[in-house]
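Note on naming: letters A, B, ... go to the chains in the order of the sequence lines (proteins, then strands), and numbering restarts at 1 for each one.
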Amino acid sequence: MSFLNPLFLGALALALIPLLIHLLRRRKLPVVKWAAMEFLLQSQRKQRRRIQIEEWLLLFIRMLIISCIVLALSRPLLKSIVVHIPGQNGRVYAVIVLDNSLSMSQRLPGSKSAWDRAKADTHQLLTRLLQQGDSVSILLMNGSTVNLVEGPSFDLNAASRKVANTNLSDGSTDYLTAARMVLNRLQKVNAPYPEVFWISDDQRVGWPQDKNLRASNGIWKRISKIAPITWVSAGLQPADRNNIAVHLQSPDRELVTPDLPAHIQATVSNFSPRAANIVAEMSIDGGTPAQPQQIHLDPYSSSNLLFTPYFPTPGEHTGAISVSSGALIDVLAKDNTADFVIKSEDHIPVLVDDLSAAGTSNASFWLAAALQPDSHIHIFSPHFLAGTQYNSTPLSRYATVILTGVNSISPSEAAALATYTRMGGGVLIFPGAHPNLPELNSVLNANDILPARLSNIQQLSSDSAVTLDSGSITSSSPLALFKDTSQVDIGSSHFSHYIRMVPSTDSSPSGQTITLVKFSSGYPALVETRVGLGKVMFFASTADTSWNDLPKHAATWLPLLYQILADLSSGADSHRNLQIGDPIQLSLPLAASGRKISVTLPNNQVITSNSVLGPNGVSFQFNDTLQAGIYHVHIPGGASETFCVNLPLQESDLKPFTDIRTKLITAGVTPSKLTTVSTEKELAQAVKHERYGQELWRTLILIAILLLFIESPLARYIGRR
Amino acid sequence: METKSVSTQTAADPQTLARISKLELRARTVMEGLISGMHRSPHRGSSVEFAQHRDYVPGDEIRHIDWKVYARSDRFHIKQFEEETNLKAILLLDISTSMEYKGQTSALSKREYASVSAAAIASLLLRQRDSVGLALFSQNIQRYIPPSSAPSHLRILLDAMGMESSGTKSGIGETLHDIAERMKRRGIALLFSDLFTDIDQLLRGMRHLKHKRHEVILFHVLDADEITFPFKNATRFEGLEDEEALTIEPNAIRKQYLEAFSEFVKQVEKGCREMGADYVQLRTDLPVDTTLSKYLASRSAQGK
């Protein structure tokens, strides 16, 4: 037993007050010369024993009440009997988890941010609470949890300096990954006196869900078995956590032409318990925000906005959608702007190759009519070939290759297409009216450019012809804009013949197959597979009118074809708009092999890295995208590519756990091993508890109150009987 | 201990005596006296010697009115005779130390209160030309004054009542036996005491008196404190008769005390009732005359 305020122990003498009062009262009692003594003696003889016991009991209770209060003031600490508490001899190994996610930037006007407070708490831990000889590991929780100080490091001052120089990331809260790393550290170091300090804003959305929950609970349980956990809540009060945010959905097309507008879709959210009137505006290339849109959002709701800007000047363009909240105090400013990058070219060069026997298909006609509708709009610059001449044609000149009337294909042609695709090209395949399915399966599959196995040809009567099902389009699909049938109804065309396709079950990222749209019969109509940096799409029906009437419906055929081609054309450039943590990937000319590539980060920091020559040619990958904003990749020779990294949506929801202690206990943390604090002072006390034991003042005050409740009726009972 | 004296003024307070004189004390039992008059006597008719006249009061027998005086003065006078009554009364006054108790709210100690009451009754009896004697007792009889009806006898009685307290316990039983032996003729024994003694002995002594055909009137003198036990704070009680001292929280034992005391009073009352003795409780916080007047009125109503 030790005491935080031992000076108060002197006041224990106060416990003698009731005894002194008792004795003094006896000495100064009034004396009565009494005649009827016989009756008093007779009554008292019956009661004496009981009265004495009760009086001493009352006296004892009173002394106990004073003792409890005095002891509570002296803040006693009870050492655990079971667990050895490190005292002056034990050296603590502290694992500190510092929430470095975007939500930690929450702040009320004129006050410190949660991140500032978290850093102050960490500084206090490292410089005042941990002692010489203690060691530390520091992890930053930001979605991809990194070791700031891998440790165990005994240089606490150096660790403190590192924390001071650390900036807030734009990453998301991920308790599970961080907990895994903490457990890993604890198991690896196996220190005699480990302690875990978790400094966070208690954001609820970062907690694992569903299948991860069980794994998470197991990890927390194991951590608490190894080390006591001190949880430091550094965030704002729940009622103050008002936040509005804008997040960009992936642009439907990142490559546009002066005549093809971009589709910039943004989600505006109100993460606050009050309704908000929000104004959203868009600015292009650093210009003045324009096209304001007003939205009224109820508490905890969101709304989608669509901006369709044209980019008449070829080149890379950056833009931003920003929101302002009016009267609502928004505690998280950074998610009020969402950046995007769009590339504009004069025309999109497309190679159309008709592989059918001459005169058997009119697909080229319909494609030409679609790609060159009139002389005023020049989105595509198509080049038409008949037969397989592209062995000698440099495919890299084209953004997309359309193969139509494909009944069969030679291995060399397929190999050329595969190479083109891996380098970032896009290929769209339309079958001919008489396809040799076994051969196509065999040849395309051998070159890894077969999105789905071609099963058989489905022939239908005109009565039972199928249509394209807009309901089968997923919201993340490049065809997502056709989900809304009010503008374009892709279900208006009828298909009497189609190839039944069975998509590949390969789930590796490179071989991943996506069904972009299905027929009303449920069979895939358009299937996509990624090949290297490019994509291959296979359409289940012909591009002429022999199997369907799609080309005749210009209102459907044109937008559908444009959207498919815009998506395929972006090919290697299809990942300009990224999320935090997504890698920047770039295919480069062979000349760039082994050259140094520099990347300018949103904070103007420049990081240099090498390009790599691989099976898909020369490529460059940059993984350190933990900051939101615009990244510039400088390629030797003067060329530059622009990328944009956007904030995670979930991080904008600042809602904390109702009760973090209950949450952690539910997750398996042993209650006695968990301390939750929210101020620096409480943290200091908690550390002392960990070192010296459990504080008892609450228990003592409770006992004193309980005794008071006993004392009053007892005194009344004894006094008034 | 301070000498307790009862002054003539206090004991024979004219107002008190005037009120009591309008009521008449009548012996319960038939007296052996030969004198006819206010006391019913089996010996009525015997010649007696005229002593004096006194004013008529309602209740006097018509036949005792002196009609000659009425014819002269137009006022009713009663003829009184030298030996109208031969009632012998003995006042038994407890002077043990327990009688010295005087409550904080009381004006008189029990001893003083008993003395005043006894003196008033003595005065009354003497005015009626009854014989009055006095016995002061504690453990036993400390002083005995034989009954006399001489008017000057009152002075002797009052002086005797001022006798210092004995400083011992009261032994009422023994005293009563002694008195029973001393009283040869039928009479009245008026006992003034707090009765803090052995009740069985008391009742045995009273029975002895009754056996001798004496009337016994028990004046139970009590202080209000003894009846209500009003103490609140912790107090040290020291016995007046050398009992062991006791420090107690009065609240803690009040209930038990009141029960025991009430039981004691009930026992005494019951004993008196059973042997046909009058029981009169005298509370020292009540006016002396009120209680006595009330008792005498009740006796008068019963035609005693």
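- Applying the side-chain hydrogen bond (donor to acceptor under 3.5 Å, both in side chains) test to residues at least two apart or on different chains, the pairs with a partner in residues 700-713 of chain A are A:R62-A:E711.
- Across every non-hydrogen atom of A:A35 and B:S98, the tightest pair is CB-O, 3.4 Å.
- Checked against ring-ring contact (aromatic ring centres under 6.0 Å, His included), A:F657 has the following partners two or more places apart in sequence or in another chain: A:Y175, A:W207.
- Rounded to the nearest 0.5 angstrom, B:Y257 OH and A:L41 CG are separated by 11.0 Å.
- Taking all atoms of both residues into account, the shortest heavy-atom contact from B:T235 to A:P30 is CG2-O, 3.3 Å.
- Taking chain A as the reference chain and counting heavy-atom pairs below 4.5 Å, the highest number among B:E238, B:E259, B:K232 is found for B:E238.
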* Asked: Passes side-chain contact (heavy atoms from CB on, under 4.5 Å), B:F229 versus A:L40? Steps please.
  -> CA-CA 10 Å; B:F229 202 63; A:L40 274 189; 3.4 Å; yes
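- In this structure, chain A has no heavy atom under 4.5 Å from any part of B:K102.
- Between A:F39 and B:F264, the ring planes are tilted. Angles from 30° to 60° get that label.
- Taking every heavy atom of both residues into account, B:D225 and A:W34 meet most closely at O-CH2, 3.6 Å.
- Options A:Q42, A:M37, A:E38 differ in how many heavy-atom pairs under 4.5 Å they form with chain B, and the most are formed by A:M37.
- Interface remark: B:F237 contributes backbone and side-chain atoms alike to the contact with chain A (heavy atom separation under 4.5 Å).
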